[in-house]
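Take a look at the structure set out below.
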Amino acid sequence: MCGIVGAVAQRNIVPVLVEGLRRLEYRGYDSCGVAVLSNGEPRRARSVARVADLDEQVVRETQLSGMTGIAHTRWATHGAPVTHNAHPIFSRDTVALVHNGIIENYEALREMLRGKGYEFVSQTDTEVIAHLIHSMYRGDLFQTVRDAVQQLHGAYAIAVIHKDQPHTVVGARQGSPLVVGVGEGENFLASDALALAGSTDRFAFLEEGDVVEITLEGVKIADRDGLPAQREVRVVSAYGGAVELGPYRHFMQKEIFEQPRAITDTIPQSDSFDADLFGEKAAGVFSEIDSILILACGTSYYSGLTAKYWLESIAKIPTQVEIASEYRYRESVPNPKSLVVTISQSGETADTIAALKHAQSLGHKHTLAICNVATSAMVRQTELAFLTHAGTEIGVASTKAFTTQLTALFVLAVTLAKMRGFVDAKREAAYLAQLRHLPAALNSVLALEPQIIAWSEEFARKENALFLGRGLHYPIALEGALKLKEISYIHAEAYPAGELKHGPLALVTEAMPVVTVAPNDALLDKLKSNMQEVRARGGELYVFADADTRIVSEDGIQVIRMPEHYGALSPILHVVPLQMLAYHTACARGTDVDKPRNLAKSVTVE
Ligand code: F6R
């Protein structure tokens, strides 16, 4: 999603701004730009290519330089990704503005501003904010922005400069993230602290409705009521390494291989599964609840679907899993004794945050975030939180965030099971031992990469694929299909294998590869029958089979052997070869793996 960087310094900040954009590239974008005050005038460069192209323009072609500036990566919502829609957007060569989010009342504002003589040169909703600020400016940019945002409906983070205030950047946030980076005699704004790695490690996280002014001397914040506000400045380090690729071809590949480490960091250190892993109040909350409602989107939703099996089979607690963007708009029956669990890598996904707020507005008082970003809006909005320690995930396709979410959700299931008397000390110790062995088991799955590369050459020539799984592994099949379609653009669908004969079997011909997740669990025999249904129609099976299943390669059935069955935690192992299959197929097709077309990381708009 769009990314913002802003800076005020006593040096040329164009390299800082462009480097910030480079660090935000992972969020996904289709154009980018930078504007600075140069000799008292706003000047800008914009590109519909990559940040590297913008860099080329500002260094070699325009030699743009200035000590106050803003920059942006844009993921188009209103208006095509063409240069005149790229940000920064200017108003009468006086105001320059960048924006992340959607302004819902932009049409009414545009008419009002046209009435005042403003001309619109872009198709963006953003242009109304630039003209609005220009029209309201009376010598104090901070005050003007505070007044102007009162007229905006929707979600936004903005950063704005004005030619008459040479050492000032003003920002505001409502529904989209914005952080302040605090430096020595220089200050910064960004959508994500990662953008400012190398410039500062001290950050203040703005609250909803905050307006901020950064100058050389300091930072001034007003809250949503216009009152002066202080936001704690925290040291956030260890961001630097995340943007380095090391020996890998893509961030997705790096992140797949980081999973043993990420899971090790997410497994609790303690020798028992205790409620306080989820926050001080968790013991009280967990003893009050009678059910769970999980809300999430995309890959995080699939981790919720997997968790439903654990929560119902291990902790015997009724669990409902809903797609956040559906739940937020549907009439549902709230149960105040239900624990609402939101799952999110970024903690900024607009639909999941809105669903959470919707649940709270319906009277759900117990909420838990499972999230990878400690400082995110979601973690601030929930009563309880469990942090996954995947580290920054750069690739748009989620990998290590998913397996660490599963790890966290398994810990939740066993913790609740223990409290509810379904897990005794012996079983608890066995679960813990299995969890701790998981990173080693994952390493043996990662060693399958060469065999998966061989399959990917065949997949790269296909246009469709089916994924089958059963029970706990059905959501893993869904995740495998999502990975393949989002990065290789091959149409892929997943079914619980028992559903084949109710419709999708009609698609099966020699041309249809059918990827099958085959753990040695209670449903194995049923799954084998489903595989025969495919073979009988000439379908080609590609099976990831546990070593102890006795499924062997034969005509029309290719098998990659996984380790022996890993019990309840098996989904965490089985998703990894599917991630690698998607990754290598995408590489073979030559797609932009880390930034697939039309997609963005951290979806901060509805
Ligand atoms: C797919 C993917 C997305 C995200 C979804 C939710 O690979 O990454 O489906 O899982 O956009 O994002 P978070 O987890 O940040 O809420």
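Computed over heavy atoms, backbone and side chain alike; hydrogens, waters and symmetry mates excluded. All ligand and atom numbering here is 1-based and tracks the order in the structure.
Among protein heavy atoms, atom 12 (O) of ligand 1 sits closest to Thr349 OG1, 3.5 Å. Scanning the protein for heavy atoms near atom 4 (C) of ligand 1, the closest one is Thr299 N, 4.1 Å. For atom 6 (C) of ligand 1, the closest non-hydrogen atom of the protein is Cys297 O, 3.4 Å. Looking at atom 11 (O) of ligand 1, its nearest protein heavy atom turns out to be Val603 CG2, 4.0 Å.
Looking only at atom types and distance, the side chain of Glu25 has no donor-acceptor partner in the side chain of Thr73 under 3.5 Å away. Between the side chains of Ser570 and His473, at least one donor N or O sits under 3.5 Å from an acceptor N or O.
For the pair Ser398 and ligand 1, the shortest N or O to N or O distance falls below 3.5 Å. An N or O contact shorter than 3.5 Å links Ser346 to ligand 1 by distance.
Of all atoms in ligand 1, numbered sequentially from 1 with element shown, those under 4.0 Å from a heavy atom of Ala397 are 7 (O). Below 4.0 Å from some heavy atom of Ser344 lie the following atoms of ligand 1, by number and element: 13 (P), 14 (O), 15 (O), 16 (O). Below 4.0 Å from some heavy atom of Lys483 lie the following atoms of ligand 1, by number and element: 1 (C), 7 (O). In the vicinity of Val396, heavy-atom distances shorter than 4.0 Å reach the ligand 1 atoms 7 (O), 8 (O). Within ligand 1, counting atoms from 1 as listed, the ones closer than 4.0 Å to a heavy atom of Glu486 are 1 (C), 7 (O).
Aromatic ring pairs are classed by plane angle as parallel below 30°, tilted from 30° to 60° and perpendicular above 60°; the pair His87 and His72 is parallel.
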Check your understanding: Between Ile394 and Asp594, does a side-chain contact (heavy atoms from CB on, under 4.5 Å) hold up when you go through it step by step?
Key -> CA-CA 7 Å; Ile394 304 273; Asp594 284 332; 5.8 Å; no

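For the atom pair CD (Glu322) and CG (Leu293), the distance works out to 6.0 Å, reported to the nearest 0.5 Å.
Salt bridge annotation for Glu393-Lys400: absent, with no cationic side-chain nitrogen under 4.0 angstrom from a carboxylate oxygen.
In this view, Tyr431 and Phe410 satisfy the ring-ring contact (aromatic ring centres under 6.0 Å, His included) rule, not counting sequence neighbours.
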Please report, to 0.1 Å, the donor-acceptor pairs under 3.5 Å made by any side chain of residues 451-459, with sequence neighbours excluded.
{"from": "Trp455", "atom 1": "NE1", "to": "Gln558", "atom 2": "OE1", "distance (Å)": "3.2"}
{"from": "Ser456", "atom 1": "OG", "to": "Ile453", "atom 2": "O", "distance (Å)": "2.6"}
{"from": "Glu458", "atom 1": "OE1", "to": "Tyr542", "atom 2": "OH", "distance (Å)": "2.7"}
{"from": "Glu458", "atom 1": "OE1", "to": "Gln558", "atom 2": "NE2", "distance (Å)": "3.3"}

